[in-house]
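Reading through the structure tokens given below for one structure.
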Amino acid sequence: MIAGVLFGILASKLGWQTFVADWIKPFGTIFISLLKLIAIPLILASLIKGISDLKDISKFKDMGLRTIFMYIITTIIAITIGLTIVNVIQPGEYVSSETVAELTQSFKGDAEKKVMSATNQKNKGPLQFVVDMVPQNIFGAASDNGNMLQVIFFAIFLGISMLLVKDEQSAPLKSFFDSLNDVILKMVDLIMLIAPVAVFALLASLVAETTNPDLFKALGWYAFSVVLGLIIMIAVYITAVVLFTGKRPGFFLKGISPAQLLAFSTSSSAATLPVTMERVEEHLGVEKEVTSFVLPVGATINMDGTSLYQAVAAVFICQALDFDLTFSDQITIVLTALLASIGSAAVPGAGMVMLVIVLESLGLPAESLAIGLALIFAVDRPLDMCRTVVNVTGDATVAMVVGNSLGRLGEPHVENWDDVKENF
Ligand code: ASP
């Protein structure tokens, strides 16, 4: 990562952007494609295996309720932290009207595209998200990585049905998914062999493509507020792990850090999912029955980092545009950021699209929406990288806490890396 950043800085100083785009970036792109390639088969195999291993449907209900409860609580904590910080630091007060004009000028086009994508999402009825969760065709759903919730729905449905038939009836299907699951986890190991090169490529091309670092300074207090909130959120997770599972902070951070680094490099919880699952299972010791449900669902709906960012960004924009917020507006932010983070896809930049919905619920006039997004556009990618780290860490924390509460948190069973490399 560090080498990639340094190389990216060098490349932009020496004007090598085209070289980086042609010869370095593709390795990063291939790596992300490989991770996405196995995401859907992994969710299908592990979720079906995980649920059908439970033996008893009431255990699934128990786990499901605990998981959803924890996801909602952690997201509300994240939003509250974000709101507190942005109200104390007031980053919007540091932005002059010239900066607003300059940023609007530079990023209005990009911002309008985001507003448009949000409008498409919003013109649907209130129950549309439930309707969207149920696929009409599993092959159709599985052919698009954007349909993860539909694939999860199918896998849960199939897994539950397998629990309801006799053991001998489900046995062949179960051993098929068991085997698919093991083989896919091996694919994760193999993909991770190229991670160092790929992460170098991702960061080098990202830094080389970055425009006008001066704008970063204008948004310094805003970026600081988001990052501070995210750091506090990580501290909350560590505290939760220590309090509820009795594990040490070092154990947790060491176990999850490769997934965090990957989340940072790819800005996508979905692309990171295979590695998160492997780390939580093998290095943090949470049993497969728990990780296979908690983590894919978390990657799609639990985005604490995104919700914290949405709270800070919404208030920052209102401060910078002199749009006064009342206390009840701040409560509205808690509710809409909760829903908006659930609705955000686990891909780069998705949190910003859903931010439009938070801003609209505050009554920000339509013409100010694009200006508001243009204001924060310049620093969105680095903040996206940081909030994705928090999103992934939050999922891992909940997996540990839920696993422990169900008596399914054991000792790590790390596979030997040398064996993987040697066999390969
Ligand atoms: N990139 C984030 C994720 O995948 C979503 C977002 O906040 O844009 O978790």
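Both ligands and their constituent atoms are indexed starting at 1 by order of listing. Nothing fancy with the numbering, it's 1 onward along the sequence. Remember, it's a predicted structure, so these values are computed and weren't measured experimentally.
For the pair Ser268 (side chain) and Ala346 (backbone), a donor-acceptor distance under 3.5 Å is present.
One side chain, Asp329 or Thr326, offers a donor N or O that lies under 3.5 Å from an acceptor on the other. Inspection of the Ser344 and Ser341 side chains reveals no N or O donor paired with an N or O acceptor under 3.5 Å.
Below 3.5 Å of separation, one finds no N or O of Ala345 facing any N or O of ligand 1. Annotation: Ala270 places no N or O atom under 3.5 Å from an N or O atom of ligand 1; distance criterion only.
Ring centers of Phe60 and Phe293: under 6.0 Å apart, within the cut-off.
Ligand 1 places these atoms under 4.0 Å from at least one heavy atom of Thr306: 5 (C), 6 (C), 7 (O). The atoms of ligand 1 that sit less than 4.0 Å from any heavy atom of Ser268 are 4 (O).
More than 12 heavy atoms of other residues, nucleotides or ligands sit less than 6.0 Å from atom CZ of Phe323. Applying the 6.0 Å contact sphere to CZ of Phe157 captures no more than 12 heavy atoms from other residues, nucleotides or ligands.
In terms of protein heavy atoms, atom 1 (N) of ligand 1 is closest to Asp384 OD1, 2.7 Å. Scanning the protein for heavy atoms near atom 9 (O) of ligand 1, the closest one is Ser269 OG, 2.3 Å. For atom 6 (C) of ligand 1, the closest non-hydrogen atom of the protein is Gly351 N, 3.2 Å. Scanning all protein heavy atoms for the shortest distance to atom 2 (C) of ligand 1 gives Thr388 OG1, 3.3 Å.
When non-hydrogen atoms are compared, ligand 1 lies under 4.0 Å from the backbone of Val347 (N, CA, C, O) but not from its side chain.
Close to ligand 1: Gly349, with a non-hydrogen atom less than 4.0 angstrom away.
Between Ser46 and Lys288, the closest side-chain pair of non-hydrogen atoms is not below 4.5 Å.
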